[in-house]
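Counting starts at 1 for both ligands and their atoms, in listed order. Nothing here was measured: the structure is a model prediction, and the numbers come from that model. As a basis for the values below, the full set of heavy atoms in this structure was taken, side chains included, without hydrogen atoms, waters or symmetry mates.
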Amino acid sequence: MSVSLWKNCTLAPTAQPDELITQACIVVKDDQIQWLGPLDQLPVSYQTPHQTHDLQGRLVTPGLVDCHTHLVFGGHRAREFALRLAGASYTEIAQQGGGIVSTVNATRSLSEDALYHQALRRLHALMHEGVTAVEIKSGYGLDLESEAKALRVARRLAQNCPVTISTTFLGAHALPPEYTGRANEYIDLVCDVMMPQLAAEGLIDAVDVFCEHIAFNLAQSERVFKTAQSLGLPVKMHAEQLSNMGGSVLASKYQALSTDHLEFLDEAGILAMKQAGTVAVLLPGAFYFLRETQLPPIELLRRHQVPMAISTDSNPGTSPCTSLLLTMNMASTLFRLSVPEVLAGVTQHAARALGHPDVTGQLAIGHKADFVAWDIDDLAELVYWMGLERCALVVRHGAISVDRRSV
Ligand code: NIG
Ligand code: FE
(Lines give C-alpha, C1' and ligand atoms only; values in the text may rest on other atoms or scores of the structure.)
(Ligands and ions follow the chains in the order given, each with its own letter.)
Protein backbone atom coordinates (compact mmCIF):
# COMPACT_ATOMS: atom_id res chain seq x y z
CA MET A 1 0.00 0.00 0.00
CA SER A 2 1.33 3.41 -0.99
CA VAL A 3 -0.16 6.82 -0.24
CA SER A 4 0.79 9.87 -2.28
CA LEU A 5 -0.21 13.49 -1.87
CA TRP A 6 -0.57 15.70 -4.95
CA LYS A 7 -0.66 19.24 -3.66
CA ASN A 8 -0.63 22.87 -4.70
CA CYS A 9 -3.20 22.84 -7.49
CA THR A 10 -6.60 24.22 -8.46
CA LEU A 11 -8.93 21.28 -8.82
CA ALA A 12 -11.81 20.90 -11.27
CA PRO A 13 -13.18 17.57 -9.96
CA THR A 14 -15.92 17.35 -12.59
CA ALA A 15 -14.12 19.53 -15.15
CA GLN A 16 -16.83 22.14 -14.63
CA PRO A 17 -15.71 25.80 -14.40
CA ASP A 18 -18.12 26.58 -11.54
CA GLU A 19 -16.80 23.83 -9.26
CA LEU A 20 -13.18 24.82 -8.81
CA ILE A 21 -11.35 24.19 -5.53
CA THR A 22 -8.32 26.43 -5.02
CA GLN A 23 -5.25 25.63 -2.86
CA ALA A 24 -6.31 22.01 -3.27
CA CYS A 25 -4.75 18.58 -3.05
CA ILE A 26 -5.52 14.97 -3.93
CA VAL A 27 -4.66 11.95 -1.79
CA VAL A 28 -4.07 8.79 -3.80
CA LYS A 29 -3.87 5.35 -2.26
CA ASP A 30 -2.37 2.90 -4.75
CA ASP A 31 -4.40 3.62 -7.90
CA GLN A 32 -7.47 5.24 -6.33
CA ILE A 33 -8.49 8.65 -5.08
CA GLN A 34 -8.74 8.52 -1.32
CA TRP A 35 -9.49 12.17 -0.55
CA LEU A 36 -9.52 15.52 -2.32
CA GLY A 37 -10.21 19.08 -1.23
CA PRO A 38 -8.55 22.23 0.15
CA LEU A 39 -5.12 21.58 1.64
CA ASP A 40 -6.08 23.28 4.90
CA GLN A 41 -8.78 20.62 5.38
CA LEU A 42 -6.48 17.65 4.74
CA PRO A 43 -7.26 15.01 7.38
CA VAL A 44 -4.43 14.37 9.83
CA SER A 45 -4.20 10.74 8.74
CA TYR A 46 -2.99 11.84 5.27
CA GLN A 47 -0.46 14.41 6.44
CA THR A 48 2.47 11.97 6.31
CA PRO A 49 2.16 10.35 2.86
CA HIS A 50 4.83 8.12 1.37
CA GLN A 51 5.33 10.60 -1.46
CA THR A 52 4.44 14.23 -2.08
CA HIS A 53 4.18 15.84 -5.52
CA ASP A 54 4.06 19.60 -6.00
CA LEU A 55 1.74 20.52 -8.89
CA GLN A 56 3.03 24.10 -8.82
CA GLY A 57 -0.33 25.81 -8.89
CA ARG A 58 -1.56 24.08 -12.05
CA LEU A 59 -5.18 23.48 -12.97
CA VAL A 60 -6.13 19.81 -12.57
CA THR A 61 -8.99 18.07 -14.37
CA PRO A 62 -10.03 14.43 -14.66
CA GLY A 63 -8.11 12.50 -17.30
CA LEU A 64 -9.76 12.90 -20.69
CA VAL A 65 -11.72 10.00 -22.16
CA ASP A 66 -11.86 9.36 -25.92
CA CYS A 67 -14.88 7.05 -26.15
CA HIS A 68 -15.03 6.36 -29.92
CA THR A 69 -11.92 5.57 -31.95
CA HIS A 70 -10.82 3.22 -34.71
CA LEU A 71 -7.12 3.55 -33.83
CA VAL A 72 -6.06 0.14 -35.13
CA PHE A 73 -5.92 0.16 -38.94
CA GLY A 74 -3.39 -0.20 -41.72
CA GLY A 75 -2.22 2.58 -44.04
CA HIS A 76 -4.06 5.81 -44.70
CA ARG A 77 -6.58 7.24 -47.16
CA ALA A 78 -4.92 10.47 -48.23
CA ARG A 79 -5.55 9.64 -51.90
CA GLU A 80 -9.26 9.25 -51.25
CA PHE A 81 -9.19 12.59 -49.46
CA ALA A 82 -7.78 14.15 -52.61
CA LEU A 83 -10.58 12.53 -54.66
CA ARG A 84 -13.16 13.98 -52.35
CA LEU A 85 -11.58 17.41 -52.71
CA ALA A 86 -11.99 16.95 -56.47
CA GLY A 87 -15.74 16.36 -55.99
CA ALA A 88 -16.40 12.66 -55.21
CA SER A 89 -18.66 12.02 -52.22
CA TYR A 90 -17.93 9.64 -49.31
CA THR A 91 -20.88 7.47 -50.37
CA GLU A 92 -19.74 7.33 -54.02
CA ILE A 93 -16.23 6.30 -52.99
CA ALA A 94 -17.64 3.60 -50.68
CA GLN A 95 -19.90 2.29 -53.47
CA GLN A 96 -16.93 2.04 -55.84
CA GLY A 97 -15.06 -0.30 -53.50
CA GLY A 98 -12.95 2.44 -51.92
CA GLY A 99 -13.61 3.79 -48.48
CA ILE A 100 -13.65 1.34 -45.60
CA VAL A 101 -12.87 -1.62 -47.86
CA SER A 102 -9.55 -0.13 -48.96
CA THR A 103 -8.51 0.13 -45.30
CA VAL A 104 -9.70 -3.47 -44.83
CA ASN A 105 -7.26 -4.61 -47.52
CA ALA A 106 -4.41 -2.64 -45.94
CA THR A 107 -5.24 -3.93 -42.45
CA ARG A 108 -5.48 -7.56 -43.53
CA SER A 109 -2.10 -7.44 -45.24
CA LEU A 110 -0.17 -5.99 -42.28
CA SER A 111 1.51 -8.13 -39.65
CA GLU A 112 0.29 -7.83 -36.08
CA ASP A 113 3.53 -6.07 -35.15
CA ALA A 114 3.27 -3.52 -37.95
CA LEU A 115 -0.36 -2.83 -37.04
CA TYR A 116 0.67 -2.40 -33.42
CA HIS A 117 3.36 0.16 -34.23
CA GLN A 118 1.09 2.20 -36.49
CA ALA A 119 -1.59 2.32 -33.80
CA LEU A 120 0.93 3.03 -31.03
CA ARG A 121 1.91 6.31 -32.65
CA ARG A 122 -1.70 7.46 -32.74
CA LEU A 123 -2.28 6.34 -29.17
CA HIS A 124 0.77 8.31 -28.01
CA ALA A 125 -0.60 11.44 -29.66
CA LEU A 126 -3.83 11.07 -27.64
CA MET A 127 -1.99 10.29 -24.40
CA HIS A 128 0.25 13.35 -24.71
CA GLU A 129 -2.85 15.50 -24.69
CA GLY A 130 -4.19 14.13 -21.41
CA VAL A 131 -6.24 11.16 -22.58
CA THR A 132 -6.23 8.41 -19.93
CA ALA A 133 -8.98 6.15 -21.32
CA VAL A 134 -9.66 5.23 -24.94
CA GLU A 135 -12.09 3.01 -26.75
CA ILE A 136 -10.69 1.10 -29.73
CA LYS A 137 -12.96 -0.57 -32.28
CA SER A 138 -12.12 -3.37 -34.64
CA GLY A 139 -13.90 -3.30 -37.99
CA TYR A 140 -11.10 -3.09 -40.54
CA GLY A 141 -10.41 -6.83 -40.55
CA LEU A 142 -13.88 -8.21 -41.35
CA ASP A 143 -12.81 -11.84 -41.15
CA LEU A 144 -12.21 -13.87 -38.03
CA GLU A 145 -8.43 -13.84 -38.21
CA SER A 146 -8.04 -10.17 -39.06
CA GLU A 147 -10.61 -9.00 -36.48
CA ALA A 148 -8.82 -11.11 -33.86
CA LYS A 149 -5.50 -9.57 -34.93
CA ALA A 150 -6.82 -6.01 -34.51
CA LEU A 151 -8.39 -6.74 -31.12
CA ARG A 152 -5.19 -8.42 -29.91
CA VAL A 153 -3.30 -5.30 -30.96
CA ALA A 154 -5.70 -3.21 -28.85
CA ARG A 155 -5.14 -5.50 -25.84
CA ARG A 156 -1.38 -5.34 -26.36
CA LEU A 157 -1.50 -1.53 -26.45
CA ALA A 158 -3.34 -1.68 -23.13
CA GLN A 159 -0.71 -3.96 -21.65
CA ASN A 160 2.22 -1.83 -22.75
CA CYS A 161 0.87 1.70 -22.36
CA PRO A 162 -0.35 3.50 -19.23
CA VAL A 163 -3.84 4.13 -20.61
CA THR A 164 -7.13 2.30 -20.12
CA ILE A 165 -8.38 0.70 -23.33
CA SER A 166 -11.86 -0.64 -23.94
CA THR A 167 -12.22 -2.85 -27.00
CA THR A 168 -15.28 -2.82 -29.20
CA PHE A 169 -16.00 -5.50 -31.79
CA LEU A 170 -17.25 -3.77 -34.95
CA GLY A 171 -17.38 -6.78 -37.26
CA ALA A 172 -20.55 -5.24 -38.72
CA HIS A 173 -18.70 -2.16 -40.01
CA ALA A 174 -18.84 -2.86 -43.74
CA LEU A 175 -19.42 -5.75 -46.09
CA PRO A 176 -16.09 -7.38 -46.95
CA PRO A 177 -15.51 -7.73 -50.72
CA GLU A 178 -15.81 -11.56 -50.61
CA TYR A 179 -19.41 -11.20 -49.34
CA THR A 180 -20.65 -8.71 -51.97
CA GLY A 181 -24.40 -9.18 -52.38
CA ARG A 182 -24.52 -11.53 -49.37
CA ALA A 183 -24.92 -9.20 -46.41
CA ASN A 184 -27.13 -11.60 -44.45
CA GLU A 185 -24.57 -14.37 -44.80
CA TYR A 186 -21.87 -12.03 -43.55
CA ILE A 187 -24.01 -11.15 -40.54
CA ASP A 188 -24.36 -14.91 -39.92
CA LEU A 189 -20.56 -15.12 -39.83
CA VAL A 190 -20.35 -12.13 -37.46
CA CYS A 191 -22.97 -13.57 -35.11
CA ASP A 192 -22.42 -17.31 -35.31
CA VAL A 193 -18.64 -17.47 -35.59
CA MET A 194 -16.72 -14.25 -35.00
CA MET A 195 -18.47 -12.75 -31.99
CA PRO A 196 -18.71 -15.96 -29.90
CA GLN A 197 -15.12 -16.91 -30.61
CA LEU A 198 -13.62 -13.47 -30.01
CA ALA A 199 -15.71 -13.10 -26.84
CA ALA A 200 -14.47 -16.49 -25.63
CA GLU A 201 -10.90 -15.27 -26.15
CA GLY A 202 -11.67 -12.28 -23.91
CA LEU A 203 -11.08 -9.78 -26.71
CA ILE A 204 -14.43 -7.95 -26.63
CA ASP A 205 -15.69 -5.40 -24.10
CA ALA A 206 -18.61 -4.12 -26.23
CA VAL A 207 -20.21 -4.63 -29.65
CA ASP A 208 -20.92 -1.94 -32.25
CA VAL A 209 -22.70 -1.94 -35.61
CA PHE A 210 -22.74 0.60 -38.46
CA CYS A 211 -26.45 0.98 -39.23
CA GLU A 212 -26.68 2.91 -42.49
CA HIS A 213 -27.83 2.47 -46.09
CA ILE A 214 -24.19 1.94 -47.14
CA ALA A 215 -23.67 -0.57 -44.32
CA PHE A 216 -26.22 -2.71 -42.39
CA ASN A 217 -29.98 -2.39 -42.03
CA LEU A 218 -32.12 -2.51 -38.91
CA ALA A 219 -32.84 -6.24 -39.07
CA GLN A 220 -29.15 -7.06 -39.48
CA SER A 221 -28.23 -4.67 -36.68
CA GLU A 222 -30.79 -6.32 -34.41
CA ARG A 223 -29.27 -9.74 -35.07
CA VAL A 224 -25.91 -8.38 -33.97
CA PHE A 225 -27.47 -6.91 -30.81
CA LYS A 226 -29.32 -10.13 -29.96
CA THR A 227 -26.11 -12.12 -30.24
CA ALA A 228 -24.22 -9.59 -28.12
CA GLN A 229 -26.98 -9.73 -25.52
CA SER A 230 -26.84 -13.51 -25.41
CA LEU A 231 -23.09 -13.25 -24.74
CA GLY A 232 -23.62 -10.65 -22.01
CA LEU A 233 -21.87 -7.88 -23.99
CA PRO A 234 -23.07 -4.26 -24.00
CA VAL A 235 -23.85 -2.66 -27.35
CA LYS A 236 -23.48 0.66 -29.14
CA MET A 237 -24.26 1.87 -32.65
CA HIS A 238 -22.97 4.12 -35.43
CA ALA A 239 -26.39 5.62 -36.08
CA GLU A 240 -28.11 8.29 -38.14
CA GLN A 241 -24.85 9.58 -39.65
CA LEU A 242 -25.87 9.93 -43.30
CA SER A 243 -29.62 9.31 -43.02
CA ASN A 244 -32.24 8.47 -40.38
CA MET A 245 -32.64 4.70 -40.25
CA GLY A 246 -34.23 4.54 -36.79
CA GLY A 247 -31.08 2.95 -35.43
CA SER A 248 -31.16 4.91 -32.19
CA VAL A 249 -34.60 3.58 -31.30
CA LEU A 250 -33.40 0.04 -31.95
CA ALA A 251 -30.17 0.55 -30.01
CA SER A 252 -32.11 1.98 -27.06
CA LYS A 253 -34.25 -1.16 -27.00
CA TYR A 254 -31.01 -3.02 -26.24
CA GLN A 255 -29.93 -0.44 -23.60
CA ALA A 256 -27.05 0.69 -25.78
CA LEU A 257 -24.21 2.41 -23.93
CA SER A 258 -24.18 4.99 -26.71
CA THR A 259 -25.32 5.85 -30.18
CA ASP A 260 -22.74 7.75 -32.17
CA HIS A 261 -22.64 10.39 -34.97
CA LEU A 262 -26.38 11.27 -34.91
CA GLU A 263 -26.51 14.10 -37.45
CA PHE A 264 -29.92 12.81 -38.65
CA LEU A 265 -31.26 11.82 -35.20
CA ASP A 266 -34.93 12.73 -34.63
CA GLU A 267 -37.00 13.32 -31.51
CA ALA A 268 -38.28 9.73 -31.40
CA GLY A 269 -34.68 8.54 -31.24
CA ILE A 270 -33.82 11.09 -28.56
CA LEU A 271 -36.77 10.06 -26.39
CA ALA A 272 -35.83 6.39 -26.72
CA MET A 273 -32.23 7.17 -25.76
CA LYS A 274 -33.33 9.18 -22.76
CA GLN A 275 -35.50 6.32 -21.57
CA ALA A 276 -32.65 3.82 -21.97
CA GLY A 277 -29.94 6.04 -20.47
CA THR A 278 -28.01 5.93 -23.75
CA VAL A 279 -25.28 8.54 -24.28
CA ALA A 280 -25.24 10.61 -27.50
CA VAL A 281 -21.65 10.54 -28.80
CA LEU A 282 -20.99 13.49 -31.11
CA LEU A 283 -18.12 13.34 -33.57
CA PRO A 284 -17.36 16.81 -34.89
CA GLY A 285 -14.10 15.66 -36.50
CA ALA A 286 -16.02 13.46 -38.95
CA PHE A 287 -18.59 16.22 -39.53
CA TYR A 288 -15.74 18.62 -40.30
CA PHE A 289 -13.68 16.26 -42.44
CA LEU A 290 -16.67 15.16 -44.55
CA ARG A 291 -17.74 18.81 -44.79
CA GLU A 292 -21.23 17.83 -43.63
CA THR A 293 -23.89 20.47 -43.28
CA GLN A 294 -26.55 18.59 -41.30
CA LEU A 295 -25.94 19.37 -37.63
CA PRO A 296 -26.88 16.87 -34.90
CA PRO A 297 -30.00 17.99 -33.00
CA ILE A 298 -28.05 19.57 -30.14
CA GLU A 299 -30.90 21.74 -28.85
CA LEU A 300 -33.29 18.77 -28.64
CA LEU A 301 -30.66 16.63 -26.91
CA ARG A 302 -30.20 19.45 -24.40
CA ARG A 303 -33.92 19.87 -23.88
CA HIS A 304 -34.35 16.17 -23.16
CA GLN A 305 -31.17 16.09 -21.06
CA VAL A 306 -29.56 13.27 -22.98
CA PRO A 307 -25.87 13.28 -21.99
CA MET A 308 -23.62 14.31 -24.88
CA ALA A 309 -20.10 12.93 -25.19
CA ILE A 310 -17.46 14.19 -27.64
CA SER A 311 -14.91 11.99 -29.30
CA THR A 312 -12.29 12.04 -32.07
CA ASP A 313 -13.71 9.09 -34.08
CA SER A 314 -10.06 8.73 -35.03
CA ASN A 315 -10.13 6.70 -38.27
CA PRO A 316 -8.49 6.85 -41.71
CA GLY A 317 -11.59 7.66 -43.75
CA THR A 318 -13.73 10.24 -42.05
CA SER A 319 -11.66 11.63 -39.18
CA PRO A 320 -7.89 11.19 -39.43
CA CYS A 321 -7.62 13.07 -36.18
CA THR A 322 -5.51 12.21 -33.15
CA SER A 323 -6.29 15.33 -31.13
CA LEU A 324 -9.14 15.25 -28.65
CA LEU A 325 -8.35 18.87 -27.73
CA LEU A 326 -8.83 20.00 -31.33
CA THR A 327 -12.03 17.95 -31.48
CA MET A 328 -13.24 19.84 -28.39
CA ASN A 329 -12.64 23.11 -30.19
CA MET A 330 -14.65 21.78 -33.16
CA ALA A 331 -17.49 20.73 -30.83
CA SER A 332 -17.82 24.31 -29.70
CA THR A 333 -17.29 26.08 -33.02
CA LEU A 334 -19.16 23.64 -35.30
CA PHE A 335 -21.80 22.22 -32.93
CA ARG A 336 -22.09 25.30 -30.68
CA LEU A 337 -21.58 23.35 -27.48
CA SER A 338 -20.75 25.47 -24.45
CA VAL A 339 -17.41 25.08 -22.65
CA PRO A 340 -19.01 23.16 -19.73
CA GLU A 341 -20.82 20.87 -22.20
CA VAL A 342 -17.60 20.14 -24.08
CA LEU A 343 -15.68 19.42 -20.88
CA ALA A 344 -18.41 17.09 -19.57
CA GLY A 345 -18.42 15.48 -23.02
CA VAL A 346 -14.80 14.34 -22.78
CA THR A 347 -14.90 13.33 -19.13
CA GLN A 348 -17.94 12.06 -17.25
CA HIS A 349 -20.29 11.52 -20.22
CA ALA A 350 -17.53 9.82 -22.23
CA ALA A 351 -16.80 7.53 -19.26
CA ARG A 352 -20.48 6.66 -19.15
CA ALA A 353 -20.43 5.88 -22.89
CA LEU A 354 -17.74 3.31 -22.06
CA GLY A 355 -19.81 1.85 -19.24
CA HIS A 356 -17.38 3.15 -16.55
CA PRO A 357 -19.12 6.16 -14.98
CA ASP A 358 -17.98 5.20 -11.48
CA VAL A 359 -14.39 4.42 -12.39
CA THR A 360 -13.03 7.38 -14.34
CA GLY A 361 -14.13 10.70 -15.89
CA GLN A 362 -14.42 12.54 -12.54
CA LEU A 363 -12.20 13.16 -9.57
CA ALA A 364 -14.10 11.57 -6.73
CA ILE A 365 -13.29 9.35 -3.79
CA GLY A 366 -13.14 5.73 -4.93
CA HIS A 367 -12.54 6.61 -8.58
CA LYS A 368 -9.29 5.72 -10.27
CA ALA A 369 -6.65 8.42 -9.85
CA ASP A 370 -6.68 9.55 -13.50
CA PHE A 371 -5.98 13.26 -13.79
CA VAL A 372 -4.18 15.91 -15.81
CA ALA A 373 -2.30 19.01 -14.63
CA TRP A 374 -2.55 21.75 -17.25
CA ASP A 375 -0.54 24.90 -17.91
CA ILE A 376 -3.64 27.08 -18.12
CA ASP A 377 -5.41 29.45 -15.78
CA ASP A 378 -8.92 29.19 -17.22
CA LEU A 379 -10.68 25.90 -18.06
CA ALA A 380 -12.05 27.48 -21.24
CA GLU A 381 -8.48 27.42 -22.59
CA LEU A 382 -8.87 23.66 -23.06
CA VAL A 383 -11.52 24.37 -25.68
CA TYR A 384 -10.11 27.63 -27.01
CA TRP A 385 -6.55 26.92 -28.15
CA MET A 386 -6.00 25.11 -31.44
CA GLY A 387 -2.71 23.27 -31.14
CA LEU A 388 -0.87 24.96 -28.28
CA GLU A 389 0.61 22.38 -25.96
CA ARG A 390 -0.83 22.80 -22.48
CA CYS A 391 -0.66 19.37 -20.92
CA ALA A 392 2.07 19.36 -18.26
CA LEU A 393 1.52 16.10 -16.39
CA VAL A 394 -0.76 13.11 -16.79
CA VAL A 395 -1.41 10.75 -13.90
CA ARG A 396 -3.11 7.48 -14.65
CA HIS A 397 -4.07 5.03 -11.92
CA GLY A 398 -1.99 7.05 -9.46
CA ALA A 399 1.29 7.02 -11.44
CA ILE A 400 2.79 9.64 -13.75
CA SER A 401 2.16 8.44 -17.31
CA VAL A 402 3.20 11.56 -19.26
CA ASP A 403 5.53 14.28 -18.03
CA ARG A 404 5.79 17.35 -20.28
CA ARG A 405 6.71 19.81 -17.53
CA SER A 406 10.07 20.61 -19.05
CA VAL A 407 8.79 20.94 -22.63
O1 NIG B 1 -16.88 6.26 -37.68
N2 NIG B 1 -19.15 5.41 -39.76
C3 NIG B 1 -18.47 4.41 -39.95
N4 NIG B 1 -17.21 4.23 -39.68
C5 NIG B 1 -16.21 5.22 -39.62
C6 NIG B 1 -15.68 5.51 -40.98
C7 NIG B 1 -14.73 4.52 -41.36
C8 NIG B 1 -13.99 4.75 -42.63
O9 NIG B 1 -14.42 5.45 -43.56
O10 NIG B 1 -12.92 4.14 -42.68
C11 NIG B 1 -16.72 6.40 -38.86
O12 NIG B 1 -16.96 7.48 -39.40
FE1 FE C 1 -16.62 5.72 -35.97
Side-chain angles (χ1 to χ4, degrees), residues 66-81 83-84 88-108 118-119 122 134-142 146 150 154 166-177 206-216 220-221 224 235-245 247-248 251 256-265 279-292 294 296 309-322 324 327 330 350 353-354:
D66 195 354
C67 66
H68 177 141
T69 86
H70 308 247
L71 276 192
V72 178
F73 60 83
H76 61 78
R77 302 236 293 276
R79 204 169 306 143
E80 172 183 319
F81 174 56
L83 283 178
R84 282 202 298 107
S89 74
Y90 180 64
T91 308
E92 279 161 11
I93 290 170
Q95 278 163 351
Q96 286 161 19
I100 295 177
V101 169
S102 67
T103 301
V104 170
N105 293 332
T107 305
R108 284 178 175 177
Q118 290 192 5
R122 296 186 275 269
V134 187
E135 185 245 24
I136 297 181
K137 300 175 194 294
S138 69
Y140 289 115
L142 308 186
S146 309
S166 310
T167 60
T168 298
F169 172 57
L170 179 55
H173 192 196
L175 201 56
V207 174
D208 195 352
V209 53
F210 186 16
C211 181
E212 193 53 71
H213 57 87
I214 58 164
F216 298 98
Q220 291 157 346
S221 301
V224 171
V235 300
K236 47 181 67 188
M237 183 186 264
H238 276 71
E240 341 294 9
Q241 179 187 10
L242 308 169
S243 62
N244 188 302
M245 304 262 296
S248 302
L257 291 172
S258 68
T259 57
D260 305 42
H261 282 289
L262 305 176
E263 278 79 353
F264 288 83
L265 178 65
V279 176
V281 177
L282 306 178
L283 305 167
F287 175 92
Y288 160 80
F289 194 72
L290 292 176
R291 292 184 295 174
E292 295 287 357
Q294 170 84 24
I310 313 289
S311 169
T312 59
D313 191 17
S314 188
N315 79 73
T318 66
S319 187
C321 174
T322 54
L324 188 55
T327 306
M330 290 178 184
L354 294 184

Query raised in the report: Where does Y140 meet ligand 1, judged by heavy-atom distances below 4.0 Å: at the side chain, the backbone, both, or neither?
Result: side chain
Query raised in the report: For V104 and G139, which heavy atoms make the closest approach, and how far apart are they?
Result: CG2-O, 4.5 Å
For [atom], what's the nearest protein heavy atom and its distance?
atom: atom 2 (N) of ligand 1; answer: Q241 OE1, 3.1 Å
atom: atom 12 (O) of ligand 1; answer: T318 OG1, 2.7 Å
atom: atom 4 (N) of ligand 1; answer: H173 NE2, 2.8 Å
atom: atom 11 (C) of ligand 1; answer: D313 OD2, 3.3 Å
atom: atom 9 (O) of ligand 1; answer: Y90 OH, 2.6 Å

Heavy-atom check, side chain of [X] versus side chain of [Y], under 4.5 Å:
X: E263; Y: E240; answer: no
X: F210; Y: Q241; answer: yes
X: V72; Y: R122; answer: no
X: K236; Y: C67; answer: no

Within the 4.0 Å heavy-atom shell around [X], which atoms of ligand 1 are there?
X: I100; result: 7 (C), 8 (C), 9 (O), 10 (O)
X: H261; result: 1 (O), 2 (N), 11 (C), 12 (O)
X: G317; result: 8 (C), 9 (O), 10 (O)
X: H68; result: 1 (O)

Query raised in the report: Polar-atom distance check: T103 versus ligand 1, any N or O pair below 3.5 Å?
Result: no
Report summary line: Output field for angle at the Fe ion (ligand 2), H238.NE2 vs H68.NE2, rounded to 10°, should show 90°
Query raised in the report: So, H261 and the Fe ion (ligand 2): N/O/S under 2.8 Å, yes or no?
Result: no
Query raised in the report: Among the heavy atoms of N315, does any lie under 4.0 Å from an atom of ligand 1?
Result: yes
**Report entry** Candidates E135, H68, K137 - the one meeting side-chain hydrogen bond (donor to acceptor under 3.5 Å, both in side chains) with T168
**Finding:** E135
Query raised in the report: Do Q294 side-chain atoms and F264 backbone N/O form a donor-acceptor pair below 3.5 Å?
Result: no
Report summary line: Atom name of the N, O or S atom of H70 nearest to the Fe ion (ligand 2) is NE2
Query raised in the report: If you look at D313, which of its N/O/S atoms is nearest to the Fe ion (ligand 2)?
Result: OD1
Report task. Indicate the ring-plane relationship of H173 and Y140, choosing parallel, tilted or perpendicular according to the 30° and 60° boundaries. Result -> perpendicular
Query - Matching residue for H70 among I136, T312, I100, D313 - test: side chain to side chain contact (heavy atoms under 4.5 Å, CB included) - result: D313
Report task. State the CG-CZ distance between L290 and F81, to the nearest 0.5 angstrom. Result -> 10.5 Å
